[in-house]
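Reading through the structure tokens given below for one structure.
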Amino acid sequence: MPTQARPTWTDYVTGLKKPITARDSERPFAMGELFFSTTDRKGIIRSGNHVFVRVSGHPLDELIGAPHNIIRHPDMPKAVFKLLWDYLGEQKPFAGYVKNLAADGSYYWVMALVVPIDDGYLSIRFKPSSQIFAAVRSLYAEMLATEKKAGDKWRDGMRDATTQLVDALHRLGFADYDDFMHTALATEMTAHQNAARGYGHNARRGNDHSLAAMLASCEQ
């Protein structure tokens, strides 16, 4: 009897696998934990660590070969992802707050740092907790409303949402997204490092050095 092929991402988007319905339930994970994943240049997942697998709720063999947007939450403004790809297209690291969708429909927020590597991208993510994060959540909701209001004119919606983002950052005292990104990443990284040291695990202390190196790369 022939073995049945594993569903591809095309199967997901054409309806052979039921889409995930978002629900208002937060997926728990610890402050000291780190998500790691790598993708190719098109965002197709090549690898992921045990934290990514556990919190996303997707088996590893379901993640490998799927686009990273398998975990994209409908509450995320499209303008944020356009900004991410604009940075990566210039071979620049990107950091930002992202609300992700787990396999069971629950959500989890991360501070995501995405860095170009030789033939793709490395993404490191961890739990955010700062006052900056609280402000961004409200801003994202406003940006999403702007995009939805545009309807079929989604490019106009993304443009207007991007303007909202830039204007809001200026009001918060940031010169531009680079300024915001460096400040937010440094703030969240400090909180993560303090939490990780509280666990007293050598492995997590080693992860702090990885984050510090990534932060340095953003400042180049």
Side-chain angles (χ1 to χ4, degrees), residues 34-49 52 66-101 108-128 130 132-133 135-144 146-147 150 154-190 192 207 210-220:
L34 285 176
F35 297 66
F36 286 93
S37 58
T38 60
T39 71
D40 66 12
R41 292 289 181 183
K42 294 183 178 180
I44 304 300
I45 299 171
R46 288 176 166 171
S47 66
N49 74 334
F52 182 30
H68 212 283
N69 65 12
I70 189 176
I71 58 170
R72 180 178 294 187
H73 198 285
D75 286 352
M76 279 296 297
K78 293 181 177 65
V80 175
F81 295 108
K82 182 182 185 301
L83 188 62
L84 179 151
W85 283 108
D86 286 348
Y87 269 72
L88 296 182
E90 296 177 6
Q91 291 296 294
K92 294 166 56 178
F94 173 88
Y97 294 98
V98 181
K99 185 177 186 179
N100 287 331
L101 181 68
Y108 57 100
W109 280 96
V110 297
M111 164 56 75
L113 173 61
V114 187
V115 181
I117 54 178
D118 288 343
D119 58 350
Y121 306 105
L122 167 66
S123 175
I124 302 173
R125 305 177 296 284
F126 54 97
K127 183 185 285 289
S130 73
I132 298 175
F133 170 49
V136 166
R137 281 184 294 179
S138 298
L139 174 58
Y140 279 8
E142 296 171 8
M143 292 170 62
L144 184 66
T146 295
E147 291 181 349
W154 57 271
R155 288 187 178 85
D156 292 343
M158 282 202 303
R159 181 199 62 215
D160 293 343
T162 300
T163 300
Q164 271 184 302
L165 173 62
V166 172
D167 289 347
L169 294 183
H170 287 164
R171 290 195 301 271
L172 290 170
F174 297 104
D176 51 25
Y177 192 85
D178 278 348
D179 185 21
F180 163 77
M181 177 175 74
H182 295 149
T183 302
L185 181 58
T187 301
E188 299 295 355
M189 189 177 73
T190 298
H192 166 83
N207 285 338
S210 298
L211 280 175
M214 292 302 172
L215 177 60
S217 75
C218 287
E219 293 175 342
Q220 291 176 356

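Under 3.5 Å, the side chains of Ser37 and His68 contain a donor-acceptor pair of N or O atoms.
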Apply the test side chain to side chain contact (heavy atoms under 4.5 Å, CB included) to residues Trp154 and Glu147: give CA-CA distance (whole Å), side-chain angles for both, the deciding distance (0.1 Å), then the verdict. CA-CA 6 Å; Trp154 57 271; Glu147 291 181 349; over 6 Å; no

Assess whether side chain to side chain contact (heavy atoms under 4.5 Å, CB included) is satisfied between Phe133 and Thr187, documenting all intermediate values. CA-CA 10 Å; Phe133 170 49; Thr187 301; over 6 Å; no

Passes side chain to side chain contact (heavy atoms under 4.5 Å, CB included), Leu83 versus Thr162? Steps please. CA-CA 8 Å; Leu83 188 62; Thr162 300; 5.8 Å; no

Test side chain to side chain contact (heavy atoms under 4.5 Å, CB included) applied to Asp178 and Lys92, step by step: CA-CA 11 Å; Asp178 278 348; Lys92 294 166 56 178; 4.0 Å; yes

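Under a cutoff of 6.0 Å and an axis angle of 45°, Arg137 and Tyr97 do not form a cation-pi pair.
A distance of 7.0 Å separates CD in Gln164 from CG in Leu139, rounded to the nearest 0.5 Å. Considering CH2 of Trp109 and CZ of Phe126, their distance stands at 14.5 Å, rounded to 0.5 Å. A distance of 8.0 Å separates CD1 in Ile44 from CG in Asn69, rounded to the nearest 0.5 Å. To the nearest 0.5 Å, atoms CE (Met189) and CG (Leu113) are separated by 9.5 Å. Separating the CG atom in Leu165 from the CZ atom in Phe174 is a distance of 11.0 Å, to the nearest 0.5 Å.
When each of Ile132, Leu172, Leu185, Val166 is checked for a side chain to side chain contact (heavy atoms under 4.5 Å, CB included) with Phe180, only Ile132 meets the rule.
Within a 6.0 Å radius of CZ in Arg41, other residues, nucleotides and ligands contribute more than 12 heavy atoms. Enclosure of atom NZ in Lys82 is not indicated, since only 12 or fewer non-hydrogen atoms of other residues, nucleotides or ligands lie within 6.0 angstrom.
A salt bridge is defined here as a Lys NZ or Arg NE, NH1 or NH2 lying under 4.0 Å from an Asp or Glu carboxylate O, and Arg171 with Asp167 fails to meet this definition.
A pairwise comparison of heavy atoms in Ile45 and Thr39 identifies CA-CG2, 4.0 Å as the closest pair. Minimum heavy-atom separation, Thr146 to Gly157: CG2-O, 4.1 Å. Met143 and Ala79 make their closest contact through CE-CB, 3.9 Å (heavy atoms, listed as atom of the first residue, atom of the second, distance). Shown here for Lys127 and Glu188, the closest heavy-atom pair between the two residues is O-OE1, 4.4 Å. In terms of heavy atoms, Val114 sits closest to Ser123 at CG2-OG, 4.1 Å. The minimum heavy-atom distance between Met111 and Ala95, with the atom names listed, is SD-CB, 4.3 Å.
The aromatic rings of Tyr87 and Tyr177 sit perpendicular, their planes meeting at an angle over 60°, well past the 30° parallel limit.
Checked by atom type and distance alone, the side chain of Asn100 never pairs as donor or acceptor with a backbone atom of Val110 at under 3.5 Å.
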